[in-house]
Novice: 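The structure under discussion is supplied below as structure tokens; questions concerning it will follow.
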Amino acid sequence: MTAALEIERLNFAYSSSGLISSGAVALKALDNVSLSVEPGRVLGIVGESGSGKSTLLRTIVGLNRGYSGTIRYRGQTVDHAAGNARMAPFRAGVQMIFQDPGGSLNPFRTIRQTLTAALARAPSAAPERDRLGVLLEQVGMNASALDRRPCEFSGGQLQRLAIARALACDPTVFLCDEPTSALDVSIQAQILDLFAKLKNDGRAFIFVTHNLGVLGQIADTIAVMFRGRVVEVGPARRLIAEPKEAYTAALIAASPRLKHRGVLLENARARLVPRASATGSVL
Amino acid sequence: MAIRGGTQPLTGTEMNRPADPAAARPLLSVRDLSIRAGSLELVRGVSFDLQPGTMTALVGESGSGKSLTAQAILGLLDREVYTVAGADLRFQGGRLGFDGNRLPKGFRGQLTGYVLQDPTSALDPTMTVGRQIAEMFVVHRRMDMRSALKEAAKMLDFVRIPNAASRIGDYPHQFSGGMKQRVLIAMAVALSPRLLIADEPTTALDVTVQAEILALIDDLRVQLDMAVLIITHDFGVVYQCADRVMVMYAGKLVEGGETLQITQNGRHPYTRGLIASIPDLDDLDRPVVAIPGQPPRPESSWIDSCAFHPRCAWKADRCIAEAPAMEQLDGGDIVRCFEWPRVVAGAGP
């Protein structure tokens, strides 16, 4: 099967200059990252702050220029510098969902205006009747939301609406950056259910989070990132049950869980948990 | 419904009575705390005790009133916005007012410490961390700055910041998030308080750093024989760290008790729902089950029914007709649900 999205030897560095460091210093945020995800599959990416998870997603959609390596969308190499005519299928077909549930919704626009604008980018030109109603139904909401503005919704509802906005473009790939981290746990489970449904429809996901438990539920494959590199990648259950890398094991040891009471503090006291930071400074 | 054997309706001071009558007097007793903002009832009738040297978790979703409860205890609520009503607060047996002005001198700082979620905004970016900690000693112990800075260095070392003596002259931006949280904890425990209130102290941190901070707080609890009230939404953290847990929903406590009991055999459908909605690393075959719907907004009226009934699979007619009172059970557990025996009996909803 052709991968929905494939990246090969992706490298990207942020250049920092001025305040913190004197002179320009390149900070390698992505170091030879190669990953791929097939339709109907979820690739989970886990790692700590500064490991390069978000940078990876931003680089894929073209928000970071000056990367090296190859990004292929449905077998075709993506050229972010190409014109909109060539890039339109990619831009509609790869949609991002952010941590801040209101972040992708214009606060001044009604939900109807936002969804209508997104629908205009969808590849299929044939407008179904009541497309807006269908979209809202797909995310577990109804048409009463259409004439309201983002400020009238709760965090979980906003995340549903953000997903509806992305769905309007009929995407092949969802890039999710901590999509449930700002939500309460009972709402998080609702959103995970929704993603599972979309996955069963054949959509591919790259799902970035720091929460291994969430990935254990939703991901088929998990990649562990540390200082810009993928240090381990494998089937989700195998990786959680039998991590091969010490860093993966440390992440698992530090995850609060509902069994083995007290083991979290014991692990922390025993310093089983190494310290990570992108800048390499010792915390 | 008849009152079940072994239970009795809860009245005022019987709440959370220790199972063992010889148990120590509670460090902090809160009775019937209610908080209003204008016409909105944000917290209603919250009562609990904290025992010395124990860690108690206060769990609930956004807007359930857990942070307001903590701020009310510390007298930190803006009195132009919030009204604290009908409350009785006792600390080491002595009665306190919820009014910030009537708190005894040194209640904040000396007797209680407070750690917030976001260490970056809680520290002054224009002041070295040494001076920020030293202020505690200057203000409360009337030390001169030179000796206070020496104490500050000891505190940084106490919270396990490497090379503490050389870092008291550093500014907050020179510390990582986890290290900043250690600095805040150092300030909070500088004067060996009897009570530490930590409001989501690890939510902004990576899991590895979270584990270290939780271990630090737990170690300090033992070393200083200090009660800890930790506010969190993460039942994993509760299960791993807390002796007791209280669950809050829509401004009311709905369940409380010993951690193992609550996490493994909770009585309230909301508690069970929260735990079922957490992905379990140890049992990936157990699907996460979402609680349908969403918490009520404070402006919605739930006075005459159980606030959880719209989301509850066990709801009965009575849950809509009247609001359940808190019941005191054997062993000091509390629960606010008409249907809990059915929930515990494992009868399907």
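Remember, predicted model here, so these are calculated numbers, not experimental data. Keep in mind that the numbers below use all heavy atoms, side chains included, and drop hydrogens, waters and symmetry copies. Numbers restart at 1 for each chain; the letters A, B, ... are given by sequence-line order, proteins then strands.
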Novice: Against chain B, work out which of A:Ile252, A:Val185, A:Leu258 has the most heavy-atom pairs shorter than 4.5 Å and name it.
Specialist: A:Leu258
Novice: Which pair of heavy atoms, one from A:Ile187 and one from B:Arg311, lies closest together, and at what distance?
Specialist: CD1-NH2, 4.2 Å
Novice: Keeping A:Asp184 on the side-chain end and B:Ser62 on the backbone end, is there a donor-acceptor pair under 3.5 Å?
Specialist: yes
Novice: For the backbone of A:Arg257 and the side chain of B:Gln240, can you confirm whether one donor and one acceptor N or O come within less than 3.5 Å of each other?
Specialist: yes
Novice: Could you tabulate the donor-acceptor pairs under 3.5 Å formed by side-chain atoms of residues 216-223 of chain B, not counting sequence neighbours?
Specialist:
from, atom 1, to, atom 2, distance (Å)
B:Asp218, OD1, B:Arg221, NE, 2.9
B:Asp218, OD1, B:Arg221, NH2, 3.1
B:Asp218, OD2, A:Arg269, NH2, 2.9
B:Asp219, OD1, A:Arg269, NE, 2.7
B:Asp219, OD1, A:Arg269, NH2, 2.7
B:Asp219, OD2, B:Arg160, NH2, 2.4
B:Arg221, NH1, B:Gly53, O, 2.7

Novice: With no hydrogens and no angle check, just 3.5 Å: does a side-chain donor-acceptor pair link B:Thr263 and A:Arg261?
Specialist: no
Novice: Are there residues of residues 280-291 of chain B whose heavy atoms fall under 4.5 Å of chain A's heavy atoms? If so, which?
Specialist: B:Asp280, B:Leu281, B:Asp282, B:Asp283, B:Leu284, B:Asp285, B:Arg286, B:Pro287, B:Val288, B:Val289, B:Ala290, B:Ile291
Novice: Under a 4.5 Å cut-off applied to non-hydrogen side-chain atoms, are A:Gln188 and B:Pro279 in contact?
Specialist: yes
Novice: Are B:Ser277 and A:Gln190 side-chain neighbours, meaning at least one heavy-atom pair lies under 4.5 Å?
Specialist: no
Novice: Check each atom of A:Ile240 against the heavy atoms of chain B and say whether the ones under 4.5 Å are side chain, backbone, both or neither.
Specialist: side chain
Novice: Flag the one option from B:Gly273, B:Gly178, B:Ala276, B:Gly293 with the top tally of heavy-atom pairs under 4.5 Å to chain A.
Specialist: B:Gly293
Novice: For chain A, find which of B:Ile213, B:Thr259, B:Thr203, B:Ile278 contributes the most heavy-atom pairs closer than 4.5 angstrom.
Specialist: B:Thr259
Novice: Minimum heavy-atom separation for A:Ala250 and B:Thr208, please, with both atom names.
Specialist: O-CG2, 4.5 Å
